[in-house]
Amino acid sequence: MLETDGVRKAFPGVTALDGVSFSLGTGEVHALVGENGAGKSTLIKVLTGVYRADAGQVRYRGEPVSFASPLDAQRAGIATIYQEVNLVPQMSVARNLFLGREPRGRFGLIDFAAMRERAGEVLRGYGIGSDVRRPLGSLGLGAQQMVALARAIEAHAQVVVMDEPTSSLQPREVDRLFRAIGDLRGQGRSVVYVSHRLEELYRICDRVTVLRDGRLVHTGPLAGLDRLRLISLMLGRDLDAVRSEGLTRFAERARSHAAPLLRATNLSRRHVLDEVSLAVRPGEIVGLGGLLGSGRSETAKAIAGALPLDSGGVSVAGEAVPPGSVGSAIRAGINLLPEDRKAEGIVATLSVRENIALAALPRLSRAGIVSEGDVDRVVDRFMRRLRIKAAGPGQPVGELSGGNQQKVLLARWLAMNPRVLLLDEPTRGIDVGAKAEVQVLIDELAEEGLAVLLISSDLEELVEGSQRVVVLRDGAVVGELSGADVTEEKIMAAIAGTTDD
Amino acid sequence: MTTTTRERAGSLFRRHGALLVLGALLVIGTLAFDSFTTPANLGNIATASSFLAIVAVGMTFVIISGGIDLSVGSLFVLGGVLAAYGSRYGVVVALLLPLVVCGVFGLVQGVIIARTRMAPFIVTLAGLLAARGLMLSLTDEGATTYLVEDDLFASIGQGAVLDVGYPFLVMLAILAVAVVFLQRTGFGQNVYAIGGNEDAAALMGVPVARTKIVVYLTSGLLAGLAGALNAARLSSGVTILGIGMELDVIAAVVIGGTLLTGGAGGLGGTIAGALLLGVIQNLINQIPGLSSSFQQVVSGAFLAAVVITHRVLGGVRDDDS
């Protein structure tokens, strides 16, 4: 259906794709995997007309093609669903769904009544019952993703490229998405499926292509391919090393009995948080579980002073932190790694060096004059320690892969010598290798005496990473699990509200 | 999850605030001044506001698309001078000359903005200076004033139906067409999409460059047309009136509820905003002993009040998300 032959694409300083020959069959769901920086995104962009290959050929239905733009590719029937939802948040759901293909009425003018009706009909098929006149941005991320998918399928796409489509979906929504993918396969349409969640790949993909450092290292049927073998292909490490290091395994550690370093008491904000209390000891990693919208991120923001509270307070090592101020939270040693790193964390146009030094500048300067030498030392230390892959400290962060951006953010806060780290989805959207690295890093940091609050939708990560898990539902604490009770089943039971307490 | 009363009030105010205040001012004017609610005075306000309103229609497209057009004031003046100059060759030349020249200005600006992705602020600032320079060279540094020499052309600016001047009717016709284009065609949807999220719009297949070019072309054309109508009304190509007009136009659009960040807004509000500025000026002229320059102070204060109200009523969502 769609194939590339010896495609090469280089950017200044890096060869993103080096002679990749990829082939997608008709009615096939094809997994595309690889570490960050392996060239997945570049390959997708070559397939969908965002980039043009420097060398090699792209063939669609047997014919050589050279799409000038994503629009060109879309018209030919190749649609893309991006990792970060790429729709227009201010426009209504219906308008987003039909942008460019609005139903026409008299005189060729847009027939809004028909558009709304049709949009409601289509979206109900995906389990979205909300008013299609609402601005898209007022829907949850999962629902927005479904709108993006519905949009692609409505456009009669023959090939749908999905880049991390499930990273913001609830399990129920994932099931719905997979049913939709199954329907596509049944209709003879093809899907390129990029995800870091191996379970998902094994659930729905027929074949897999593995990229590493811009080269294709494996392509073949997924069934029968051992999971560890797949991971070793992606990482380029031998099987035994992968097996011994484990993938998402955080080191086990005895429970600490020291007095809590971070204590949050009765955090409340109308409609958002309801008397949330929790405590984290030094050296402890406490997980914060719950569904999207349960108040996880809001709790972290409240502790970091970024969310005004109606009542409740935060203390570090027994000292109250003045409420409602990010500055005083940082002075108290509380640092938040936000969920949406694009919007709330990195400054994409600044360099790696500037991004890392940003928050620590007051520390690295004397009488307001920044010591360049100190900055270089700090930046160098963290780039090496976190193994940040960049052309150099001067490269703009926007050019790095997701995992490396996350590491830059982590470095920024570590440069502050924090006492409390709040990590909101620290491994979301980053590849297996970087994920394991980040997880090991979190563990090391805790060992050094930091109090860590870990938010994750990935239950496995929550269970393996934390000593205790606090479960939220509708902005209130509905359960706290520790020791042997920290299991995926117990967390899910607490979320569902079926526990005895 | 549910829309709060405050959010609804915010959205309502943004969309209809200018209209509400306009209504309130009309009531106040009626109660305070006997000479306010006469057909002649109201007709005068409507006619005098139509030039600003026509330019503001184009600016609304520009701002919704996430851009800005600073050149419209200069193009308005240039259009007026060209129309007066062209009127010696008849009504057709008087109308076509400013449209072609200002259209080319808009087109070139649009092409530069769309193709090189330079900031609209800078590109149209260059356009402002270039158009002003062209106008000054045509008029010997403003010393020469061309008079309108075609009666038919002059009547387009001076004629009236029941105290309402033709320019107002032209404005209504343009508004009607513009509303249809903005709200009911794919082009209009594309303008909103580009202003809302340009990258997403491009990925969804919106012809971003073409849409932007059309938007700036439209803005240039409307500025030239408004200038020509103004020259017809005044029987001469005045070289001073209209300098700095771009800021009044932007004020009218923002008061009308269009967000300067792009992606949201509408034409109804813009027209209400333009009429509102006209009414404020008229009311201040009615107050004896108050200099008409004071109008700028009031308009400025009003603009600030509008923006703050938007922030207070409409900014709630930003904090919660």
Side-chain angles (χ1 to χ4, degrees), chain A residues 45 48-50 69-75 79-82 84-92 94-102 104-112 115 130-131 134-140 148 151-152 155 269-272 293 297-298 301 306-308 340 343-344, chain B residues 1-8 10-11 14-15 63-66 114 176-177 179-211 257-266 314-321:
Chain A
K45 286 180 174 168
T48 56
V50 180
S69 67
L71 180 60
D72 239 23
Q74 258 179 45
R75 289 210 174 115
T80 319
I81 314 251
Y82 291 90
E84 268 101 12
V85 178
N86 261 296
L87 297 171
V88 185
Q90 299 93 329
M91 291 175 81
S92 73
R95 286 185 185 205
N96 267 291
L97 191 57
F98 286 105
L99 185 69
R101 293 173 292 106
E102 295 90 351
R104 299 306 162 101
R106 263 183 311 162
F107 312 120
L109 299 179
I110 296 172
D111 184 345
F112 278 107
M115 185 162 112
S130 43
D131 187 348
R134 278 172 61 181
L136 181 90
S138 69
L139 266 59
R151 181 182 154 81
R269 178 177 161 87
R270 216 160 65 88
H271 298 316
V272 180
S297 300
E298 290 75 6
K301 279 190 179 174
L307 182 78
D340 189 347
E344 296 173 23
Chain B
M1 299 290 150
T2 51
T3 20
T4 63
T5 324
R6 205 161 158 213
E7 271 177 39
R8 264 202 302 274
S11 132
R14 205 177 59 224
R15 266 180 290 167
I63 291 181
I64 291 176
S65 81
V177 174
V179 165
V180 170
F181 266 87
L182 185 61
Q183 300 300 342
R184 300 293 300 273
T185 66
F187 167 73
Q189 303 301 301
N190 293 346
V191 172
Y192 278 103
I194 291 171
N197 183 345
E198 187 170 330
D199 292 335
L203 289 172
M204 292 205 297
V206 169
V208 175
R210 199 203 316 155
T211 306
T258 295
L259 296 183
L260 260 184
T261 45
V316 197
R317 232 180 29 206
D318 298 347
D319 298 340
D320 284 353
S321 61

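This is a predicted model, so every value here is computed, not measured. So you know, we letter chains A, B, ... as the sequences are listed, proteins then strands, and number each from 1.
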Non-hydrogen side-chain atoms of L99(A) and N190(B) separated by less than 4.5 Å = yes
Contact origin within R75(A) toward chain B - heavy atom pairs under 4.5 Å = neither
Under 4.5 Å from a heavy atom of chain B, the part of D111(A) involved = backbone
For F187(B), does the CZ atom have more than 12 heavy-atom neighbours from other residues, nucleotides or ligands under 6.0 Å away?
->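 More than 12 heavy atoms, drawn from other residues, nucleotides or ligands, come within 6.0 Å of this atom.
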Listed partners of R210(B) passing salt bridge (Lys or Arg N to Asp or Glu O under 4.0 Å), at least two apart | none
Give the minimum heavy-atom separation between I110(A) and G186(B), together with the two atoms involved.
-> CD1-N, 3.8 Å
Rounded distance (nearest 0.5 Å) linking atom CD of E102(A) with atom OG1 of T185(B) |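 It is 8.0 Å, given to the nearest 0.5 Å.
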Options E198(B), Q183(B), Q189(B), ranked by heavy-atom pairs under 4.5 Å with chain A, top entry |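 It is Q189(B).
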